[in-house]
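Take a look at the structure set out below.
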Amino acid sequence: MFSPPDTVAECHNLIDNLSRPANGARKSVVSPYFGRPIATLAASTPEDVEAAVHAAAKAGAAWRTRPLRERAQLLGRLRSLLAERSDEVARCAALESGKTEAEARAGLERGLEVVDFAMSLQAMELGGALDVSRGVRCETRREPLGVVVGITPFNFPAMVPLWMMPIAVCMGNTFILKPSDKVPMTANLLGHFAAQAGFPPGVFSVVHGDQHTVEALVDHAAVQAVAFVGSTPVAQSVYARAALQGKRALCLGGAKNHLIVAPDADLQLTVRAAYDSFTGCAGQRCMAGSVLVTIGEAPELVQGIIDLASRCRLGESMGALIDAAARERLLGAIDRAQAEGARVLYDGRRMAPPEPYKGGYWLGPTIIDGVSPHSECATRELFGPILSIVRVGTLEEALALEQQSPYGNATSVFTQSGAVARRVAEQATSGMIGVNVGVPVPRDPFSFGGSKRSKFGHGDITGTSAVEFWTERKKVTSKWALQSDQSWIS
Ligand code: NAD
């Protein structure tokens, strides 16, 4: 169990491996567990952004020329430090984001997998060369882009920065992280460990701030590429802003994920997977399955999920919501669903956390049945531990619901039939499909990314697709002697 920290920490920017106070508006960082400030931070002004970009640009000249193997070795040292200090990182991430410690640790471990993948790039042939004609050879060189930026959300304070930074810097870029201003402390830990691991000054900077800081970063002439993970409206606006300036951008947004359950699904497996999917991280995951689409009535499935919900203990098996506004938003959505005639089968509003956490932001698992397929609960991202149940008669109806969703992050199907699984994999419109898996996160070298309004830009944020995003392919065509038997291309 957490205790509220005695002191309120100051979160400074990290530029040139040094802690530097930013000069913009100040705000408190509040722990969702207690509803009390645990840190303060100042937003970065355009001048603060200039300092970070300047440091990154200066570092880039030498960093890009170091062999990939050397860059990967530094990542290896960072990996070891993060693994050794994983308790500290997980506790920090949990305290500021509201996750349980186990969830925060799992997020870090997933981030370390991306570090492993980045380190493995030293052993991969990333370019390619071919004799294309007599005496003429074509070669692809993968070159870093230069100064690149990552803007990350509150819900995975360690993992999402680690989706981006390791591959970006391993490929020779210098990277500036703008973490969510709700969870700045874990980002600073990552920055401090990178400095301790021997990252040269300017290779990895952390710049705190808000919308204005993001805009200053995206608009800076020296910034070459922007990766963003957060809500759909902001993802779309950051993407548009970067694209208008001809910059490379990949912006991942929100989600509304469907769990489609066929009548032949394995009951135990499906109950567990559906419950874990909508309650993990208190439902604050872009991969949370929040609409349960049952083909048929499925009373045993629903009862099984209710039984698991009744065993949930806030503050132990489930964490907190990020802030008071999130709680208000969720309570409003439940009220509106009831007003429209849906039935609350399990009411998480009645669940209370243990005494020390009373000031925090809590909602237990909430299961709503009889949800209209076009209602707010069935179509909008709620981002909390709410499962909306929609019943359909056929697989075609279930697929039609999925296809109508504006989002396209993840869709899971639960079935014993290979034909049904294959049909969903082919027909569903999401970028990530699960078969009997409630949170179908692809692991490296497979790439993570959705479709439709869950992603703006091309490619994915991790895996081999990320190598493509963080590099430019330069094509070199060369000839070393005049050929006697020239063709038109020689
Ligand atoms: P958010 O969009 O509010 O914030 C994300 C980042 O953008 C933060 O760094 C924030 O400071 C910054 N920001 C906020 N408003 C801005 C603005 N107007 N202009 C520029 N920058 C701005 O998202 P959040 O609430 O921190 O995170 C939750 C959202 O992220 C959910 O919608 C969730 O689905 C999504 N998410 C998506 C993925 C994915 O892989 N698709 C992963 C994690 C989270």
Side-chain angles (χ1 to χ4, degrees), residues 11 24-25 27 29 32 41 43-44 49 96-99 103 107 110-111 114 149-164 176-184 186-187 206-219 226-242 249-257 280-290 321-323 325-326 329-330 380-384 405-410 430-432 439-442 447-457 459-463 465-466:
C11 266
K27 68 164 282 194
V29 179
L41 69 79
S44 299
V49 164
E96 64 178 357
S97 71
K99 284 174 190 295
E103 288 166 347
R110 174 67 196 111
V114 182
V149 166
I151 300 152
T152 53
F154 79 80
N155 65 330
F156 282 97
M159 182 184 80
V160 176
L162 289 173
W163 277 354
M164 301 175 181
I176 301 174
L177 171 66
K178 205 305 282 174
S180 164
D181 50 3
K182 295 173 183 169
V183 297
T186 309
V206 182
V207 164
H208 296 292
D210 51 17
Q211 174 177 356
H212 302 295
T213 311
V214 169
E215 290 172 358
L217 283 164
V218 173
D219 292 351
V226 179
F228 173 95
V229 177
S231 59
T232 287
V234 183
Q236 185 168 15
S237 75
V238 169
Y239 180 78
R241 196 175 185 105
L250 179 59
C251 300
L252 272 53
K256 188 74 181 174
N257 304 315
C281 302
Q284 300 167 113
R285 281 196 290 198
C286 67
M287 296 297 277
S290 53
L321 304 170
I322 187 66
D323 54 22
R329 191 185 67 238
L330 295 168
R380 302 239 181 104
E381 180 176 51
L382 302 179
F383 223 52
S405 172
Y407 297 105
N409 225 35
S430 291
M432 294 173 279
V439 183
V441 174
S447 301
F448 184 101
S451 65
K452 301 200 281 185
R453 291 181 65 74
S454 296
K455 185 177 76 176
F456 301 86
D460 293 320
I461 199 87
T462 59
S465 189

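Quick caveat: nothing in here was measured; it's all calculated off a predicted structure. We count ligands from 1, going down the list as the structure has it; atoms in each ligand are counted the same way. In what follows, residues are counted from 1 in the order of the sequence shown.
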Should you measure from each heavy atom of [X], which atoms of ligand 1 turn up under 4.0 Å away?
{"X": "Ser180", "result": "8 (C), 9 (O)"}
{"X": "Pro179", "result": "9 (O)"}
{"X": "Ser231", "result": "1 (P), 2 (O), 23 (O), 29 (C), 30 (O), 32 (O)"}
{"X": "Ile151", "result": "6 (C), 7 (O), 9 (O)"}
{"X": "Lys178", "result": "8 (C), 9 (O), 10 (C), 11 (O)"}
{"X": "Phe448", "result": "40 (O)"}

Any idea which of [options] brings a heavy atom closest to [atom]?
{"atom": "atom 41 (N) of ligand 1", "options": "Ala326, Ala288, Gly253, Gly450", "answer": "Gly253"}
{"atom": "atom 21 (N) of ligand 1", "options": "Val214, Val183, Asp181", "answer": "Val214"}
{"atom": "atom 44 (C) of ligand 1", "options": "Leu177, Val238, Asn155", "answer": "Asn155"}

Taking a cutoff of less than 4.0 Å between a non-hydrogen atom of the residue and any ligand atom, is [X] in contact with ligand 1?
{"X": "Pro233", "value": "no"}
{"X": "Phe156", "value": "no"}
{"X": "Thr152", "value": "yes"}
{"X": "Trp163", "value": "yes"}

Side-chain contact test, heavy atoms from C-beta onward, threshold under 4.5 Å: evaluate it for Lys99 versus Gln284 and give yes or no.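 Result no, sub-4.5 Å side-chain heavy-atom pair not found.
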Between [X] (side chain) and [Y] (backbone), is there a donor-acceptor pair under 3.5 Å?
{"X": "Asp460", "Y": "Ser465", "answer": "no"}
{"X": "Asn257", "Y": "Ser290", "answer": "no"}
{"X": "Ser430", "Y": "Met432", "answer": "no"}
{"X": "Lys178", "Y": "Gly209", "answer": "yes"}

What orientation do Tyr239 and Phe456 show, parallel under 30°, tilted 30 to 60°, or perpendicular over 60°?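 The rings of Tyr239 and Phe456 sit tilted, inter-plane angle from 30° to 60°.
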Glu215 with Arg241: basic N within carboxylate O range, under 4.0 Å: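 Looking at Arg241 together with Glu215, the answer is yes, because their closest N to O distance falls below 4.0 Å.
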Do me a favour and list the nearest non-hydrogen protein atom to atom 19 (N) of ligand 1 with residue, atom name and distance?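 Checked against all protein heavy atoms, atom 19 (N) of ligand 1 sits closest to Gln211 CG, 3.3 Å.
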Can you tell me the protein heavy atom closest to atom 7 (O) of ligand 1 and the distance?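 Ranking protein heavy atoms by distance from atom 7 (O) of ligand 1, first comes Phe228 CE1, 3.3 Å.
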Check each heavy atom of Glu381 against ligand 1 and say whether those closer than 4.0 Å belong to the side chain, the backbone, both or neither.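 Just the side chain.
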Got a sec, which residues hit side chain to side chain contact (heavy atoms under 4.5 Å, CB included) with Ser44, two or more places apart in sequence or on another chain?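 With sequence neighbours excluded, Ser44 shows a side chain to side chain contact (heavy atoms under 4.5 Å, CB included) to Asn13, Ala22, Asp48, Val49, Val207, Thr213, given in chain and number order.
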Looking at residues at least two apart in the chain, or sitting in another chain, which of them share a salt bridge (charged side-chain N to carboxylate O under 4.0 Å, His left out) with Lys452?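 Partners of Lys452 under the salt bridge (charged side-chain N to carboxylate O under 4.0 Å, His left out) test: none.
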Any donor-acceptor pair under 3.5 Å linking the side-chain atoms of Thr186 with those of Glu96?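 Judged by distance alone, the side chains do pair up.
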Just to confirm, does any protein heavy atom lie below 4.0 Å from atom 15 (N) of ligand 1?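 Neighbour list for atom 15 (N) of ligand 1 includes protein heavy atoms (cut-off 4.0 Å).
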If you apply the rule salt bridge (Lys or Arg N to Asp or Glu O under 4.0 Å), what do you find for Lys27 with Asp210, and how did you get there? CA-CA 10 Å; Lys27 68 164 282 194; Asp210 51 17; over 6 Å; no
